[in-house]
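Reviewing the structure listed below.
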Amino acid sequence: MAARCWLMKTEPDTFSIEDLARKKIEGWNGVRNYSARNFMKDMSVGDKVLFYHSSTEPPGVAGLAEVVKTAYPDPTQFDPKSDYHDPKAAPGKPIWFQVDVRFFKKLPRFLPLDELRGVPAIADMPLFHRSRLSVQPVTPEQYAAIVALAGK
DNA sequence: GCCAACGTTGGC
DNA sequence: GCCAACGTTGGC
């Protein structure tokens, strides 16, 4: 099956594209939203990811990544000391899942949300009308439009 | 199963 | 730091 495309948000103060460039591969843990979780469960190895910086000034797409491991239980849900601990989850009965993503590249130019909002080709992206969804599907056309916008 | 209250996200 | 939007929880 052809690779699908996604947008994944992170707060750069917590984990930025530079962090991913340094670590190469990161487990995308801490997602505690059912809709976002379900999208992660749909991901396949090789799927493309727009790496989005949120809650920062300015917010926007910072780079590209790809899925290298499909959904598996997020270990932080079992850890009472973790901010992401979920007392309703138990090993063998996981509720939350994560994927692993690998750094692909930083975009040659950061694309601020404000600029993306004005681009007709991507006007249907959930980013604009479901702002709280931290993992969201992107069409190949939208993905290509964003990469093209950033330049070579 | 509805919906009010509450909590969180994320842009500004 | 504020607050609108919206997802989740829990009482009924």
Side-chain angles (χ1 to χ4, degrees), chain A residues 4-23 26-43 47-67 70-139 141-151:
Chain A
R4 283 185 287 175
C5 307
W6 310 91
L7 181 145
M8 299 176 86
K9 294 182 187 175
T10 171
E11 299 190 18
D13 288 350
T14 304
F15 191 79
S16 70
I17 190 71
E18 286 80 14
D19 294 324
L20 185 63
R22 190 163 52 244
K23 287 194 67 179
E26 175 74 356
W28 208 270
N29 63 28
V31 171
R32 293 295 179 268
N33 169 285
Y34 288 104
S35 177
R37 178 202 69 181
N38 292 341
F39 286 129
M40 285 203 296
K41 284 183 159 184
D42 279 346
M43 291 181 182
D47 281 3
K48 300 171 179 178
V49 175
L50 296 168
F51 193 103
Y52 182 90
H53 284 177
S54 66
S55 294
T56 187
E57 187 51 49
V61 177
L64 307 176
E66 66 177 329
V67 176
T70 55
Y72 62 98
D74 175 348
T76 62
Q77 70 192 299
F78 309 127
D79 179 1
K81 294 190 295 293
S82 170
D83 287 345
Y84 300 122
H85 179 237
D86 186 339
K88 295 194 292 297
K93 274 194 69 179
I95 298 172
W96 304 109
F97 290 78
Q98 66 183 83
V99 297
D100 287 353
V101 304
R102 177 167 60 206
F103 178 74
F104 177 36
K105 64 179 190 179
K106 274 186 75 169
L107 288 179
R109 182 170 79 83
F110 179 84
L111 294 174
L113 177 63
D114 197 43
E115 178 178 346
L116 297 175
R117 204 177 258 128
V119 179
I122 59 173
D124 289 341
M125 285 179 67
L127 183 63
F128 306 119
H129 56 265
R130 284 190 70 191
S131 64
R132 295 187 51 190
L133 188 60
S134 61
V135 177
Q136 48 184 266
V138 172
T139 69
E141 291 77 14
Q142 290 163 346
Y143 184 95
I146 286 176
V147 172
L149 194 62

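Model, not experiment: these values are computed from the prediction. Each chain gets a letter, A, B and so on, in the order its sequence line appears, and its residues count up from 1.
Within 4.0 Å (heavy atoms only), Arg32(A) reaches no atom of the nucleic acid at all. Among the heavy atoms of the strands lying under 4.0 Å from Ser55(A) is at least one base atom, whether or not backbone atoms are also near.
Screening Phe103(A), Phe110(A), Trp28(A) against Phe51(A) for a ring pair (Phe, Tyr, Trp, His ring centres under 6.0 Å) leaves a single residue, Trp28(A).
Proximity of the aromatic rings of Trp96(A) and Tyr72(A) is defined here by a centroid distance below 6.0 angstrom, and this criterion is not met.
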Under the criterion side-chain contact (heavy atoms from CB on, under 4.5 Å), I'd like the reasoning laid out for Leu127(A) against Leu113(A): C-alpha separation, chi angles, the key distance, then a yes or no.
CA-CA 9 Å; Leu127(A) 183 63; Leu113(A) 177 63; 3.8 Å; yes
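The backbone N or O of Asn29(A) sits nowhere less than 3.5 Å from a side-chain atom of Asp74(A) that would complete a donor-acceptor pair. Under a 3.5 Å cut-off, the side chain of Gln142(A) and the backbone N or O of Thr139(A) do form a donor-acceptor pair.
A distance of 11.0 Å separates OG in Ser134(A) from CZ in Arg32(A), rounded to the nearest 0.5 Å. One distance of note links CE of Met8(A) with CD of Glu26(A); it measures 10.5 Å at 0.5 Å rounding. The structure places SG of Cys5(A) at 12.5 Å from CD of Gln136(A), a figure rounded to the nearest 0.5 Å.
Of the residues in residues 111-129 of chain A, Leu113(A), Arg117(A) come within less than 4.0 Å of DNA chain B through at least one heavy atom, sorted by number.
In summary, contact between chain A and DNA chain B, defined as any nucleotide atom under 4.0 Å from a heavy atom of the protein, begins and ends at dG7(B) to dC12(B) in the 5' to 3' direction.
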